[in-house]
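First comes the structure, then the notes that go with it.
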There are 2 protein chains.
Amino acid sequence: MTGKKNVSIKDVALRANVSTATVSHVINGTRFVSNETKQKVHFAMNELNFRINSVARSLRSRKSYIIAFLAPILASETSNFYFMSVAAGVQSVLKQRGYHLVLSDSSDNIEVENKEISMFDSQMIDGLIVAPASRDCDYELLFGDYPVVYIDRVPNDCERDSVLIDNKTATKEAIQKILDKGHQRIAFLSGPLSVTTTIERYEGYSETLMSAGLNLDDSLICFGDVSFESGYRNMGDLLERNPTAIFVTDNVMAMGAMAYLQDHSIRIPDQLAVVGFDDFLWTRVTHPPLTVIQQPSFQLGVKTAEVILQRIEDGTSGKQEYRLNANIIVRQSL
Amino acid sequence: MTGKKNVSIKDVALRANVSTATVSHVINGTRFVSNETKQKVHFAMNELNFRINSVARSLRSRKSYIIAFLAPILASETSNFYFMSVAAGVQSVLKQRGYHLVLSDSSDNIEVENKEISMFDSQMIDGLIVAPASRDCDYELLFGDYPVVYIDRVPNDCERDSVLIDNKTATKEAIQKILDKGHQRIAFLSGPLSVTTTIERYEGYSETLMSAGLNLDDSLICFGDVSFESGYRNMGDLLERNPTAIFVTDNVMAMGAMAYLQDHSIRIPDQLAVVGFDDFLWTRVTHPPLTVIQQPSFQLGVKTAEVILQRIEDGTSGKQEYRLNANIIVRQSL
DNA sequence: TTTATTGGAGTAAACGATTACTTACAGTAT
DNA sequence: ATACTGTAAGTAATCGTTTACTCCAATAAA
């Protein structure tokens, strides 16, 4: 297409008067080569401006040094940046170990997700990190012959390693803190129950209320879409039930909720106490700054990358579950 | 490593009693194959659970369907999500056209950037989209034999296509709007002048002030780091020079600045009018909501993806410059 | 002197697809 | 009967590496 013929290891070998094996071994340091010969090879490589063809290398060595990360990352301009932060963590480890990260967006949609997975033919990737769009999907059939690690959430029939946040414990602590402030009517606003994170948070909420001797009031509980608009709208609806506090399990929904409260001049925390999820910078510029559960998103990525690299390099598989703790950052909204 | 031998086109051919050529042509639809034979091949593929090896395919066909995006994306937990939004735009087009996106983080650091570029050996990627860390770098030497498109910024010796925002015009409009409100002491807070975006914005600022007959007051102008903390700190310093308005050219710095103003109970816009950059959701939850220049970040990605795919598919090269307009979103902070 | 050992480097078969070229056969025109 | 045409599919070279073997010469051991 470009007309330029590629310089191969063969050309280098010819130029340096050595064999292709020698060139390869010089490049990879895989066997002893005398300094003299090394020099010749390096010289030839420079002269010809040789660049190794990593595709050919992958084909032969059956290793691509590419890891795919499949999550609802890029859905839209208004989407949650949580997984971006996670991706940053993954990336930081991979880069250090000489791997590349391929990002893939599932849009939190099973069809899209399945199509993406089937696009990762065997040999193309060395491993897959996935935040499953739903618990109800038989992923095992789809995966190729590479290690898979679930991140943030797991499907029902989890047969793989997983790296998760201890959502339940964190939520329990948060709700307890709200209770300690004397609140009884605590609203719960979250995304749908189709992912395990939401379920765990809901369990944390309900179990804490119940063990405090309170009844669950369904009208104070809302499972909406994960979006700013949904947060805004549902905040309005929930307010009519006269809660004195609200717990929002999603960052973007919390933004929407906060926008509603600001637009309607609701005083926080006097009229309504608010606790959100994820400690992104914006939570420091609301009025007042938001109390949140801080998920170690970057660390989640780091841990996951370490787990999958371990599996890749060991050649083992398993279904270890790792849980990372989330902390509460107390600011003025509670 | 796993012990499982891979099913190849050869195995399928054997099973279906046809040649590898036929199997290949069935897979790719590259020549007529009778229905009967097609059936046999599909049947064999299913039975053997055949998955094409895209690495081998790439090697032979010299096409990987991978595009790399190199930008300061994942620098840290507190980094700017602007490029993530851009990446989303790129991704949306690529996915649709059957390409994969590889994200690479430059950390806005020339050394890191160069290392990343040299990692993209020829043949590994079909194209590169890059937001250069600095204007002063001779990128041409580094690039391999693939199309390159600059995004958001360009280096001094730009020899490639570029897709940019019309920063100068947008900034001029914003400053003019601020002037129209009667402000004379307008502070300017931005990142370093090492990238063209900043330069263009600064030019927009200074030219507008000067053509309004005002002198530039250096003490009202600050080029700091691009970070929340820098925004916070420099906001404090600038306030001592008694501006009545401030223009912040970076989203994260603006967050820091807003946090400072809130912590010190500065009334916006009475005591200080504020105009920021980038219309992310958080700008709607500050008190009051922020007036900003809205960069079409997603669209920037879309356009860039289209440009590079065009180059890839045409096999041409060039140095066309595309500029996208940015709009001002007026809210209560001005 | 013969044999073993070792250091340094070459030969060529993979890896799994794509694709230019060839072939086989059937039908048709001469 | 012969040549020609067209249809369907097979053969094998090729992409650029890696790597299991092999090889040769020089030195050490016998």
Side-chain angles (χ1 to χ4, degrees), chain A residues 1-42 44-45 48-65 121-126 144-145, chain B residues 1-42 44-45 48-65 121-126 144-145:
Chain A
M1 186 160 281
T2 56
K4 251 188 251 171
K5 209 201 157 291
N6 271 298
V7 179
S8 79
I9 222 179
K10 222 167 179 171
D11 303 314
V12 174
L14 216 63
R15 192 94 155 96
N17 253 305
V18 298
S19 71
T20 60
T22 299
V23 176
S24 174
H25 284 117
V26 167
I27 292 169
N28 302 297
T30 33
R31 86 176 174 197
F32 183 90
V33 177
S34 71
N35 275 326
E36 200 188 3
T37 311
K38 262 189 205 158
Q39 298 270 317
K40 281 196 296 181
V41 171
H42 281 128
M45 292 202 300
L48 301 176
N49 189 28
F50 168 81
R51 318 202 150 198
I52 200 159
N53 183 322
S54 46
V55 173
R57 167 183 279 176
S58 292
L59 176 59
R60 176 60 224 232
S61 64
R62 305 169 147 281
K63 210 150 168 19
S64 67
Y65 290 93
D121 345 279
S122 61
Q123 307 311 322
M124 166 88 238
I125 58 175
D126 285 352
D145 186 24
Chain B
M1 186 161 280
T2 55
K4 251 188 255 171
K5 209 198 158 294
N6 271 296
V7 178
S8 79
I9 221 179
K10 221 168 179 168
D11 303 313
V12 175
L14 216 63
R15 193 94 155 97
N17 253 306
V18 299
S19 72
T20 59
T22 299
V23 176
S24 174
H25 285 117
V26 167
I27 292 169
N28 302 297
T30 34
R31 87 174 172 196
F32 182 90
V33 176
S34 70
N35 275 326
E36 198 188 4
T37 312
K38 262 190 206 158
Q39 299 270 319
K40 281 196 296 179
V41 171
H42 281 128
M45 293 202 299
L48 301 175
N49 189 27
F50 168 81
R51 319 201 150 198
I52 201 157
N53 182 322
S54 46
V55 174
R57 168 184 279 176
S58 292
L59 177 60
R60 178 60 224 236
S61 65
R62 304 172 148 279
K63 219 160 160 12
S64 66
Y65 291 93
D121 346 279
S122 62
Q123 307 311 323
M124 166 89 239
I125 59 175
D126 285 352
D145 187 24

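None of the values given here were measured: they were computed from a predicted structure. Just so we're on the same page: letters track the sequence lines, and every chain starts at 1.
Residues A/Val26 and A/Thr37 fail the side-chain proximity criterion, which asks for heavy atoms closer than 4.5 Å. For the pair A/Val7/A/Arg51, no side-chain contact is recorded, criterion being any heavy-atom separation below 4.5 Å from C-beta on.
Closest-nucleotide positions on DNA chain D for A/Arg57 and B/Ser61 were compared, and the one nearer the 5' end corresponds to B/Ser61. When each of B/Ala56 and A/Val23 is assigned the nucleotide of DNA chain D bearing its nearest heavy atom, the one mapping closer to the 5' terminus is B/Ala56.
Between A/Asn28 and D/dT18 there is a side-chain N or O to OP1 or OP2 distance below 4.0 Å. Close to D/dT18, at under 4.0 Å from its OP1 or OP2, lies a side-chain N or O of A/Ser24.
A donor-acceptor contact closer than 3.5 angstrom is absent between the side chains of B/Arg62 and A/Asn53.
We find that NZ of A/Lys10 is positioned 11 Å from C1' of D/dT17, with the value rounded to whole Å. Distance B/Asp145 CG to D/dG16 P: 12 Å, rounded to the nearest Å. For the pair A/Leu59 CG and D/dT18 C1', the computed distance is 10 Å after rounding to whole Å. One interatomic measurement links the two molecules: NZ of A/Lys63 to C1' of D/dG16, which rounds to 19 Å at whole-angstrom precision.
Chain B approaches DNA chain C within less than 4.0 angstrom (heavy atoms of the protein), and the contacting nucleotides run 5' to 3' from C/dG16 to C/dC21.
Under the 3.5 Å distance criterion, the side-chain polar atoms of B/Ser24 are left unmatched by any main-chain donor or acceptor of B/Thr20. In this structure, A/Ser19 contributes its side chain and A/Thr22 its backbone to a donor-acceptor pair below 3.5 Å. B/Asp11 places a side-chain N or O within donor-acceptor distance of the main-chain N or O of B/Ser8, the cut-off being under 3.5 Å. With hydrogens and angles disregarded, no donor-acceptor distance shorter than 3.5 Å links the side chain of A/Ser64 to the backbone of A/Ser58.
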Sugar-phosphate or base contact per nucleotide [nucleotides 4-10 of chain D; S, B, -; heavy atom under 4.0 Å]: ----SBB
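Under the ring-ring contact (aromatic ring centres under 6.0 Å, His included) criterion, A/Tyr65 pairs with A/Tyr99, sequence neighbours left out.
Taking 3.5 Å as the limit, the base of D/dT17 and the side chain of A/Arg60 contain no donor-acceptor pair of atoms between them.
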Intermediate values then yes/no, side chain to side chain contact (heavy atoms under 4.5 Å, CB included), A/Arg57 and A/Ile27: CA-CA 12 Å; A/Arg57 167 183 279 176; A/Ile27 292 169; 3.7 Å; yes
